[in-house]
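Structure first, then comments.
What's counted below: heavy atoms across the whole structure, side chains too, no hydrogens, waters or symmetry copies.
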Amino acid sequence: MANNNNERIEMELEQADDREMLEQALTEERDKAEKYLADWQRTQADFSNYMKRAEQEKKEIIEFANKALVSNLLPILDDFERAFTSMPAKFAKSSWTEGMRLIYNKMKTVLETQGLSEIKARRESFDPRLHEAAAQREGEEGIVIEEIRKGYKFKDNLLRPSVVVVGKGKEEKIEQEKEG
């Protein structure tokens, strides 16, 4: 019976050793699984960030292309405006002129729906961020008295500054009398 008891004890010791080995192997496998899960989550986050970055870059490229296109069309708007202001009065009411005005207005409307907006200049305070001074003349100091070329913004970013004439104030008659 003592022999039987010893065999039973040995068998229990072997089972305990096997259990410890199995628990250790299970712990190692759990650690590996947690590491794989963390790696997978990190990769998923990296991929999500990549997709967001790629989408943002795509939007920026489209925005840049639209801005370049609109910028290239501005001289055409300028040409239309110059043609309308220099047109002889006898042609101002002709159907051909009205058709050209419709084309001009349609083009301007399309550009505005894409984000183009005129910079208000005339009778405004001179703003060097929006206006480019070409000259100064007698007039209210610091106020834009004439717009030589319209300026535009594209989606609230300056596309082209307004070229303007700025008032430099009124010259006093006393200074003129001294010179004369």
Side-chain angles (χ1 to χ4, degrees), residues 41-180:
Q41 289 171 332
R42 193 170 19 263
T43 301
Q44 186 178 24
D46 288 346
F47 182 71
S48 176
N49 289 338
Y50 164 77
M51 292 301 290
K52 289 175 188 173
R53 235 181 359 265
E55 186 64 30
Q56 182 63 31
E57 287 173 0
K58 181 180 170 185
K59 285 179 183 177
E60 288 172 2
I61 289 169
I62 291 169
E63 185 78 18
F64 178 78
N66 286 343
K67 186 176 180 180
L69 176 62
V70 168
S71 183
N72 288 331
L73 293 174
L74 290 182
I76 298 170
L77 288 180
D78 294 340
D79 291 343
F80 269 115
E81 290 168 2
R82 275 192 295 278
F84 293 140
T85 57
S86 66
M87 181 180 305
K90 65 180 182 179
F91 297 121
K93 297 291 182 186
S94 74
S95 61
W96 185 85
T97 303
E98 290 304 313
M100 295 308 290
R101 283 189 202 283
L102 287 173
I103 293 169
Y104 166 76
N105 289 332
K106 190 174 193 177
M107 182 177 171
K108 197 169 177 185
T109 300
V110 167
L111 293 173
E112 286 171 351
T113 59
Q114 294 302 310
L116 183 71
S117 61
E118 285 184 20
I119 295 172
K120 192 171 181 187
R122 199 172 168 112
R123 293 186 210 92
E124 297 290 319
S125 293
F126 177 76
D127 183 348
R129 294 170 296 163
L130 302 174
H131 308 128
E132 182 179 314
Q136 280 189 316
R137 271 197 248 142
E138 189 175 312
E140 191 175 346
E141 188 173 344
I143 302 297
V144 174
I145 57 175
E146 183 183 339
E147 185 177 45
I148 298 170
R149 185 185 73 188
K150 285 185 180 181
Y152 294 93
K153 287 183 176 184
F154 185 71
K155 297 187 179 180
D156 294 326
N157 294 314
L158 181 66
L159 185 61
R160 180 177 86 180
S162 299
V163 178
V164 298
V165 176
V166 182
K168 64 177 179 179
K170 303 216 186 281
E171 292 185 30
E172 294 182 30
K173 289 183 180 181
I174 297 171
E175 289 179 13
Q176 290 177 352
E177 288 175 8
K178 288 181 183 177
E179 292 175 354

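To the nearest 0.5 Å, atoms CD1 (I145) and CD (E140) are separated by 10.0 Å. Here the CE atom belonging to M87 is positioned 8.0 Å from the CE atom belonging to M100, to the nearest 0.5 angstrom. Note that CD of E147 and CZ of R123 are 11.0 Å apart. Values are rounded to the nearest 0.5 Å.
Under the side-chain contact (heavy atoms from CB on, under 4.5 Å) criterion, R129 pairs with D127, sequence neighbours left out. Residues that satisfy the side-chain contact (heavy atoms from CB on, under 4.5 Å) test with K153, not counting sequence neighbours, are S117, I119, L130. For E132, the salt bridge (charged side-chain N to carboxylate O under 4.0 Å, His left out) test picks out no residue, with sequence neighbours left out. Listed by chain and residue number, I148, V163 satisfy the side-chain contact (heavy atoms from CB on, under 4.5 Å) test with A134 (two or more places apart in sequence, or in another chain). A search for side-chain hydrogen bond (donor to acceptor under 3.5 Å, both in side chains) contacts involving Q41 returns nothing, not counting sequence neighbours. Here T97 pairs with S94 under the side-chain hydrogen bond (donor to acceptor under 3.5 Å, both in side chains) rule; sequence neighbours left out.
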Extract all donor-acceptor atom pairs below 3.5 Å that involve side chains of residues 43-53 and protein atoms in other chains or at least two apart in sequence.
unit_1	atom_1	unit_2	atom_2	d
T43	OG1	D39	O	2.9
N49	ND2	A45	O	3.4

Can I get a per-line list of side-chain donor-acceptor pairs under 3.5 Å for residues 57-65, giving both atom names and the distance, sequence neighbours left out?
unit_1	atom_1	unit_2	atom_2	d
E60	OE2	Q56	NE2	3.2
E63	OE1	K155	NZ	3.3

Please output the side-chain donor-acceptor pairs of residues 73-86 that fall under 3.5 Å, not counting sequence neighbours, one pair per line with the distance.
unit_1	atom_1	unit_2	atom_2	d
D78	OD1	R160	NH2	3.0
D78	OD2	R160	NH1	2.8
D78	OD2	R160	NH2	3.2
D79	OD1	R82	NH2	2.5
E81	OE2	Y104	OH	2.5
E81	OE2	K150	NZ	3.3
T85	OG1	E81	O	3.2
T85	OG1	R82	O	3.1
S86	OG	R82	O	2.9

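Closest of all the heavy-atom pairs between Y152 and L116 is CB-CD1, 3.5 Å.
Residues in residues 107-126 take part in these ring-ring contact (aromatic ring centres under 6.0 Å, His included) pairs, two or more places apart or across chains: F126-H131.
Around CD of E118, the count of heavy atoms belonging to other residues, nucleotides or ligands within 6.0 Å exceeds 12. Atom CD of E112 sits in a crowded spot, with more than 12 heavy atoms from other residues, nucleotides or ligands closer than 6.0 Å.
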